[in-house]
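Everything below concerns the one structure shown next.
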Amino acid sequence: MSRTTPPRPFDVTALFPQLAPLARTATRLHPRAGSPSRHDSSVGGPLLWPAGEPWPHCDGPHTWEQVDTAFSLEQERERRGIRTEAGSRPRQDPHPVRHEAEEGTIDDEPDPCSPWPGGPIAMLPVAQLYVRDISRLRPPPGQAEADLLQVLWCPFDHPDHPRTALLWRSAAAVTDVLDSPPEPFGVQFPGYLPQPCLLAPEQVTEYPHFLELSKELRQQLGEWHRWQAAGAVVDSSYAAAPEEFYRNNLSVSPGWKVGGWSRWGLTDPLPRTCRVCDSAMDPLLTIATTEWNAGTGSWAPEGDQARDPLPPGTPPANYTFIVLAQGYDLQLHVCPASSDHPHLELIQ
Ligand SMILES: [Zn+2]
Ligand SMILES: [Zn+2]
């Protein structure tokens, strides 16, 4: 099933030609609930993992308080199943909600029967991306044969979000597959358990976040008279701050994506340089809480809300059930020089 982002309201480079050389292609992933196999690109699906290779574990540190209030995977999966079928009631707060359980519907209390066994915690599959599905995805230098990117995380805060691991491999080299990988005993929050989703990659054009533009360009974008050339597409409610229209509809796409420009929201833009070699790092994968929100609704794929409405009780456009930092995104940036250099995790 392909997904199509509606065309942008107009060509922003016609109004602001200085933006043209800053265009970048991003691949929106459009994760939607499904039953991916290990041969599919997926979010929260099984990984194509060699039987003879140790599964990644996180050595912590994990605190007793964290693990003492963990949610069991089994319980969370069951809860989602019940919620999806029974469709009990809407929930507004995207973070773990401790409300009174209703009989036979939802029980959000942590499972007291899964004490921390101690020691390292098995990491959870977050995504696997085959290069054949995402043409803009390129293996790192020195790994030309790699055609599969695998992303896992430890479902406990380190200290503000899960800790991720990135791994490239050649799919053809995996002959003996690991059938039952180890799982963590629990997750710190229900939103740290990705829902299995299939992907429908789509390429879109992005321009930098407003705050990453030159001072001159920022000034131009703030001048209402320039926008009036676009006609009625930009209504006069934006007259006081037309850059908001750029921010919401013309610059950086929302949701899960590969490549493109960095998204900012929690802080102003920060430097993203490799701490080993000082190279400027590139956005690789954005793990998003929502696919769009009130401001960025124009990016919702055509016909999407009618085609596959969300189960009741999830935050807006939250198909993966992942909730990060109460609604933000985790953006993984990598060093272009070497995959041995640590990647950067950025919550925005
Ligand atoms: Zn950990
Ligand atoms: Zn580097």
Side-chain angles (χ1 to χ4, degrees), residues 43-44 47 49 53-76 95-96 110-111 114-128 137-144 146 149-168 181-194 258-259 261-262 269-285 287 289 320-326 328-347:
V43 165
L47 303 185
W49 196 271
E53 188 174 311
W55 188 261
H57 282 68
C58 177
D59 290 326
H62 306 110
T63 65
W64 180 251
E65 295 76 36
Q66 275 183 318
V67 297
D68 201 33
T69 54
F71 292 74
S72 89
L73 273 62
E74 199 179 23
Q75 185 186 35
E76 176 56 16
H95 229 54
D111 185 350
S114 51
W116 183 29
I121 290 176
M123 296 182 97
L124 267 177
V126 173
Q128 76 167 9
L137 191 60
R138 293 273 182 274
Q143 295 189 56
L149 171 66
Q150 296 176 322
V151 182
L152 303 93
W153 71 20
C154 167
F156 289 85
D157 281 340
H158 288 279
D160 303 320
H161 53 79
R163 173 185 287 166
T164 55
L166 298 179
L167 194 137
W168 279 94
E183 288 200 312
F185 75 96
V187 292
Q188 188 171 345
F189 303 110
Y192 289 175
L193 176 65
V258 167
W261 283 94
S262 303
L270 302 165
R272 286 135 285 154
T273 46
C274 173
R275 64 174 191 254
V276 176
C277 72
D278 234 24
S279 299
M281 300 179 91
D282 299 324
L284 176 68
L285 174 69
I287 299 166
T289 296
T320 63
F321 286 71
I322 286 176
V323 179
L324 289 157
Q326 304 195 32
Y328 288 92
D329 301 342
L330 182 59
Q331 301 177 80
L332 307 182
H333 292 68
V334 288
C335 174
S338 170
S339 60
D340 291 337
H341 298 177
H343 65 282
L344 174 72
E345 299 169 332
L346 199 61
I347 282 277

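Just so you know, ligand 1 is whichever comes first in the structure, and atom 1 is the first atom listed for that ligand.
- Put simply, the side chain of Leu284 reaches to within 4.5 Å of the side chain of Leu137, judged on heavy atoms.
- In this structure, His158 and His62 have perpendicular ring planes: the angle between them is above 60°, well past the 30° mark.
- Scanning both residues, Pro182 and His57, for their nearest heavy atoms gives CG-CE1, 4.0 Å.
- Taking the side chain as every heavy atom from C-beta outward, His343 and Leu285 never approach each other to under 4.5 Å.
- With a 4.5 Å cut-off on side-chain heavy atoms, His161 and Tyr328 do not count as touching.
- Only protein N, O or S atoms were considered, and those under 2.8 Å from the Zn ion (ligand 1) are Cys58 SG, His62 NE2, Cys154 SG, His158 NE2.
- Side-chain atoms of Trp153 and Ile287, non-hydrogen and from C-beta on, do get closer than 4.5 Å to each other.
- Taking the side chain as every heavy atom from C-beta outward, Val323 and Tyr192 never approach each other to under 4.5 Å.
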Step by step, would you call Leu166 with Val334 a side-chain contact (heavy atoms from CB on, under 4.5 Å)?
-> CA-CA 10 Å; Leu166 298 179; Val334 288; 3.7 Å; yes

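- Side-chain contact between Leu332 and Glu345: present, with at least one pair of heavy atoms (C-beta onward) separated by less than 4.5 Å.
- Within the protein, the N, O or S atoms lying under 2.8 Å from the Zn ion (ligand 2) are Cys274 SG, Cys277 SG, Cys335 SG, His341 ND1.
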